[in-house]
Asks: 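Pasting a structure below so you can have a look.
Just so it is clear, the structure is predicted and the values come from calculations on it, not from any experiment.
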Amino acid sequence: MRIGRLDKIVGVRALVTSRSTSGAVNTSLATAVDTWAQVTYPSGAERIENDKLTAVSTAYFIMRYQALPLTSVVLYNGLAYEVVHVDIHGRQEYLRVKTELKQ
């Protein structure tokens with residue numbers, strides 16, 4: 001990994017679930033970490049989800065290794081990218097995170 005290519009600051013947020021006093025499940029995003037990353041955009045596509053056409057942009061974020069659950073969200077340029085897959089490279093050296101932005 002070339003550290004000089006990690007030139008964008010991204011925020012990683014973890015999805016946290018809790019129960020209210022009435023027993024309802026509440027979900028919210030909690031700040032996990034802000035870190036430097038390399039961002040690439042290999043492709044985009046359109047899918048039909050819930051009977052409507054949805055634009056999906058794929059983005060890869062390369063960042064230093066950290067514990068990153070699949071329920072995380074990566075915030076970059078004011079947009080929330082859902083984590084789809086996490087590849088660990090080296091001996092826990094860095095992560096290649098595949099994300100999707102649905103619009």
Asks: Under the criterion side-chain contact (heavy atoms from CB on, under 4.5 Å), I'd like the reasoning laid out for Tyr81 against Leu79: C-alpha separation, chi angles, the key distance, then a yes or no.
Replies: CA-CA 6 Å; Tyr81 293 84; Leu79 301 173; 3.9 Å; yes
Asks: Does any non-hydrogen side-chain atom of Val83 lie less than 4.5 Å from one of Val74?
Replies: yes
Asks: So do Leu95 and Arg64 actually touch side chain to side chain, heavy atoms under 4.5 Å?
Replies: no
Asks: Same cluster or not: are Val84 and Leu15 linked, directly or through other Ile, Leu, Val, Met, Phe, Trp or Tyr residues, by side-chain heavy atoms under 4.5 angstrom apart?
Replies: no
Asks: Any side-chain heavy atom of Gln38 sitting closer than 4.5 Å to one from Lys8?
Replies: no
Asks: Where is the tightest heavy-atom contact between Ala32 and Ala14, given as atom of each residue plus distance?
Replies: CB-N, 4.3 Å
Asks: Hey, could you give me the OG/CZ distance between Ser28 and Arg13, rounded to the nearest 0.5 Å?
Replies: 12.0 Å
Asks: Just so I know, are the side chains of Met63 and Val97 near enough to count as touching, which here means a heavy-atom distance under 4.5 Å?
Replies: yes
Asks: For the side chain of Thr99 and the backbone of Ala59, is there at least one donor-acceptor N/O pair under 3.5 Å apart?
Replies: yes
Asks: Could you give the distance from CG (Leu101) to OG (Ser57), rounded to the nearest 0.5 Å?
Replies: 5.5 Å
Asks: Hey, are the side chains of Tyr65 and Gln92 touching, using non-hydrogen atoms and a 4.5 Å cut-off?
Replies: yes
Asks: With the side chain counted from C-beta on, respond yes when Thr35 and Ile9 share a heavy-atom pair under 4.5 Å apart, and no when they do not.
Replies: no
Asks: Given side chains that start at C-beta, do those of Arg96 and Thr40 come closer than 4.5 Å, heavy atoms only?
Replies: no
Asks: Minimum heavy-atom separation for Val10 to Ala37, with atom names?
Replies: CG2-CB, 3.8 Å
Asks: To the nearest 0.5 Å, what is the distance between NE2 (His85) and CG (Leu70)?
Replies: 8.5 Å
Asks: Indicate, with yes or no, if the rings of Tyr60 and Tyr41 have centres closer together than 6.0 Å.
Replies: no
Asks: Could you state the interatomic distance from CG (Leu75) to CG (Leu29), rounded to the nearest 0.5 Å?
Replies: 7.0 Å
